[in-house]
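This report refers to the structure that appears directly beneath it.
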Amino acid sequence: MRISRLSRIFLVAWRYGLDEIAVSGAQATLGWRWTLVVGRLMRLGRRLDAPRGARMRMALESLGPIFVKFGQVLSTRRDLLPPDVADELARLQDDVPPFPSAVAIAEIERGLGRRIDQMFSEFDAEPVASASIAQVHFARLHDGTEVAVKVLRPGMADVIDNDLALLRTAGSLAMRLSADARRLRPLDVIEEFNHYLHDELDLVREAANANQLRRNFADSTLLRIPEMYWDFCAQNVIVMQRVRGIPIGRIDRLVESGIDLKKLSRDGVEIFFTQVFKHGFFHADMHPGNILVGDTGEDFNRYIALDFGIVGTLSDFDKNYLAQNFLAFFRRDYRRVAELHVESGWVPSSTRVEELEGAVRATCEPFFDRPLKEISLGLVLLRLFQASRRFNVSIQPQLVLLQKTLLNIEGLGRQLDPDLDLWVTAKPILERWMNEQIGTQGLVDRLQQEMPQWAQLLPSIPRLAHRALTAAGERRDDRAQEKLLAQIVREQRGIRRALWVGLVLLATIAGLQAWRLWP
């Protein structure tokens with residue numbers, strides 16, 4: 001079975017000319033004469049008129065849904081791929097024929113341990129959406145609640161593991177034959193793909209991601225996240241609130257419904273930057289197929305997100321790095337951009353800041369030949385990653401996800417409003433976040449966070465110090481007592497200073513709180 005599948009992969013690769021990379025990479029090994037002969041022979045009987053990116057896209061589509069999904073993940077690695085290839089792979093659509101309804105019902109009953117009629121008063125056997133990993137059916141609970149039921153395709157784990165093994169084999173072969181393939185690091189990308197796919201195979205994880213996003217936007221009028229019904233969730237099936245809206249890619253229907261496209265485009269940017277810099281937890285698969293726009297009731301002109309299998313998380317360190325990079329870039333402070341790379345530890349400590357500064361300037365300065373509203377923050381981040389790679393930087397996976405999501409948001413926003421000025425929308429959010437981190441508000445918040453620890457630590461300092469000094473004294477002989485007494489005096493002075501510092505800090509907190517609450 002595996003040999004047959006591998007043979008098909010190589011046949012498709014030959015038909016669409018994907019072997020050309022290997023031939024070009026083999027030139028240094030075989031010599032230009034043999035390379036020319038092999039290249040001519042391998043072109044016999046096939047037409048390679050389409051651009052290379054289009055041929056790669058068509059090859060992946062012909063190999064089936066797992067390879068389509070791999071192409072989608074690969075398209076996010078714009079720091080590795082040529083732009084023409086990345087653009088074509090981004091056109092891949094995860095849309096495959098549904099599996100039989102009887103199989104879907106059997107999977108739902110197996111996962112939830114109950115008959116379908118015990119769970120739902122109505123169940124629509126015809127799926128409303130079907131993708132490579134799962135499909136969705138509409139249903140109604142016995143209390144009348146309308147729901148959407150997402151169920152995994154059966155046997156997907158084995159299919160994925162087999163195709164991943166074949167991808168690793170093909171990637172290893174490509175790396176042996178081609179220097180270009182080695183630069184693209186196919187095995188690293190395949191492992192990244194493996195991580196994403198296995199996360200998507202656990203629908204409980206997806207439901208938990210949705211719940212977190214729902215809590216984060218509980219008081220927001222910008223974004224709705226459907227509610228998950230945990231009594232009907234298992235690893236292979238989840239049941240969520242049914243939501244209604246217009247697919248965001250249907251601009252004509254949005255206009256007919258009276259949706260304010262300019263507001264919608266600005267809201268999308270605000271949602272993204274709020275997720276990144278306020279929550280540090282963001283929906284990382286925000287392509288048009290996963291977004292609806294409400295057209296009635298309280299959801300009118302509101303984003304509705306779907307499919308939460310892929311999310312990104314950012315630490316405070318990541319958020320600080322990103323915010324300072326964006327702000328430094330738009331101030332043309334390339335020195336600061338270079339320093340941030342060194343301070344982050346992502347470039348070797350021996351890197352000359354001046355050399356990195358020059359590389360960043362050469363990469364970013366051309367952006368300023370155009371108006372700010374035409375500058376792509378996603379491409380800015382991508383260019384910074386590309387410049388950094390020359391200095392042996394290994395870009396963190398969460399930042400790759402963020403760059404991919406930002407490009408999606410930008411493309412979507414400018415589709416809705418070609419005049420969208422992303423920087424005007426994003427800058428206040430970045431500056432507000434920076435003030436919360438390093439301004440007075442940030443100081444007050446961090447002092448408040450530390451107060452519980454201080455309340456426990458300060459009273460125990462004398463007892464802990466006495467215990468430590470007593471233990472130290474017992475281990476010393478009589479000739480060291482005088483020296484020990486002098487040490488005790490010094491440590492007691494230090495304890496008194498620590499107590500005074502603690503009291504001053506507590507007084508500072510109280511003063512700042514009083515200042516904030518003063519009318």
Side-chain angles (χ1 to χ4, degrees), residues 145-148 205-230 233 238-246 248 254 259-286 290-316 318-320 322-323 402 405-406 408-409 412-413 416 420 422 424-437 439-446 448-449 513 516-517 519:
T145 304
E146 292 184 305
V147 295
R205 178 190 292 268
E206 177 176 342
N209 291 340
N211 254 27
Q212 182 65 55
L213 286 167
R214 183 177 170 84
R215 282 195 299 273
N216 290 346
F217 284 90
D219 300 322
S220 172
T221 59
L222 302 180
L223 177 66
R224 174 182 289 281
I225 306 294
E227 181 182 357
M228 298 288 152
Y229 298 104
W230 287 101
C233 290
I238 55 176
V239 176
M240 69 191 80
Q241 173 188 15
R242 179 176 175 178
V243 290
R244 289 178 169 82
I246 301 171
I248 198 166
L254 295 177
I259 300 296
D260 185 343
L261 299 186
K262 290 183 179 294
K263 178 182 183 300
L264 200 64
S265 65
R266 294 192 301 270
D267 287 351
V269 176
E270 184 172 348
I271 288 169
F272 172 76
F273 280 93
T274 299
Q275 290 182 80
V276 170
F277 290 104
K278 183 176 180 181
H279 306 144
F281 186 89
F282 61 95
H283 191 308
D285 200 16
M286 293 189 73
N290 285 339
I291 302 174
L292 303 177
V293 178
D295 58 345
T296 59
E298 63 178 8
D299 285 338
F300 185 78
N301 224 134
R302 186 184 194 183
Y303 280 87
I304 302 170
L306 305 171
D307 197 342
F308 311 96
I310 303 177
V311 297
T313 57
L314 297 173
S315 65
D316 286 340
D318 294 329
K319 291 187 284 186
N320 183 66
L322 288 166
L402 180 129
T405 308
L406 182 52
N408 282 343
I409 292 295
L412 199 57
L416 296 168
L420 173 66
L422 210 74
V424 168
T425 307
K427 184 179 178 183
I429 301 172
L430 294 175
E431 290 180 335
R432 183 166 62 247
W433 183 84
M434 292 293 291
N435 180 62
E436 290 173 353
Q437 295 301 303
T440 303
Q441 180 64 50
L443 173 62
V444 172
D445 291 343
R446 281 191 291 276
Q448 287 179 323
Q449 290 172 4
Q513 285 293 90
R516 288 173 61 195
L517 296 173

**Prompt:** Do any N or O atoms from the side chain of Q241 and from the backbone of P226 form a donor-acceptor pair under 3.5 angstrom?
**Reply:** no
**Message:** Rounded to the nearest 0.5 Å, what separates atom CD1 in I225 from atom CG in L306?
**Reply:** 8.5 Å
**Heavy-atom pair of closest approach, residues G413 and S265** = O-CB, 3.4 Å
**Prompt:** Roughly how far, to the nearest 0.5 Å, is CD of E270 from OG of S220?
**Reply:** 7.5 Å
**Fill in**
Closest non-hydrogen contact found for A208 with W230 is N-CH2, 3.6 Å
**Item:** From CG (N216) to CZ (F281), nearest 0.5 Å
**Value:** 7.0 Å
**Request:** Could you tell me whether the side chain of F282 reaches within less than 4.5 Å of the side chain of T313, counting heavy atoms only?
**Result:** no
**Message:** Any side-chain to backbone donor/acceptor pair from N290 onto D285? Under 3.5 Å, distance only.
**Reply:** yes
**Request:** Step through it carefully: locate the ring centre of H279, locate the ring centre of F217, and say whether they are under 6.0 Å apart.
**Result:** yes
**Message:** To the closest 0.5 Å, what do you measure between CG (L223) and NE2 (H283)?
**Reply:** 8.5 Å
**Request:** Run the salt-bridge test on R244 and E146 with the 4.0 Å N-O cut-off and return the result as yes or no.
**Result:** yes
**Request:** Starting from the C-alpha separation in whole Å, work towards a yes-or-no answer on side chain to side chain contact (heavy atoms under 4.5 Å, CB included) for L261 and I259.
**Result:** CA-CA 6 Å; L261 299 186; I259 300 296; 4.2 Å; yes
**Asked** Heavy-atom distance under 4.5 Å between the side chains of D299 and I304, does that happen here?
**Response** yes
**Item:** D267 vs V269 side-chain heavy atoms within contact, under 4.5 Å
**Value:** no
**Complete:** Heavy-atom closest pair (D260 atom, N301 atom, distance to 0.1 Å) is N-OD1, 2.9 Å
**Request:** Mind checking the CZ-OG1 spacing from R302 to T296? Nearest 0.5 Å is all I need.
**Result:** 11.5 Å
**Message:** Between D295 (side chain only) and F300 (backbone N and O only), is there a donor and an acceptor less than 3.5 Å apart?
**Reply:** no
**Prompt:** Could you state the interatomic distance from CD1 (I238) to CZ (F308), rounded to the nearest 0.5 Å?
**Reply:** 8.5 Å
**Message:** Is the shortest side-chain heavy-atom distance between Y303 and I248 below 4.5 Å?
**Reply:** yes
**Asked** With side chains defined as the heavy atoms from C-beta onward, is the minimum distance between Q212 and V311 less than 4.5 Å?
**Response** no
**Message:** Counting C-beta onward and ignoring hydrogens, is there a side-chain heavy-atom pair between I291 and L412 closer than 4.5 Å?
**Reply:** yes
**Asked** Side-chain contact, heavy-atom cut-off 4.5 Å: L420 with R266?
**Response** yes
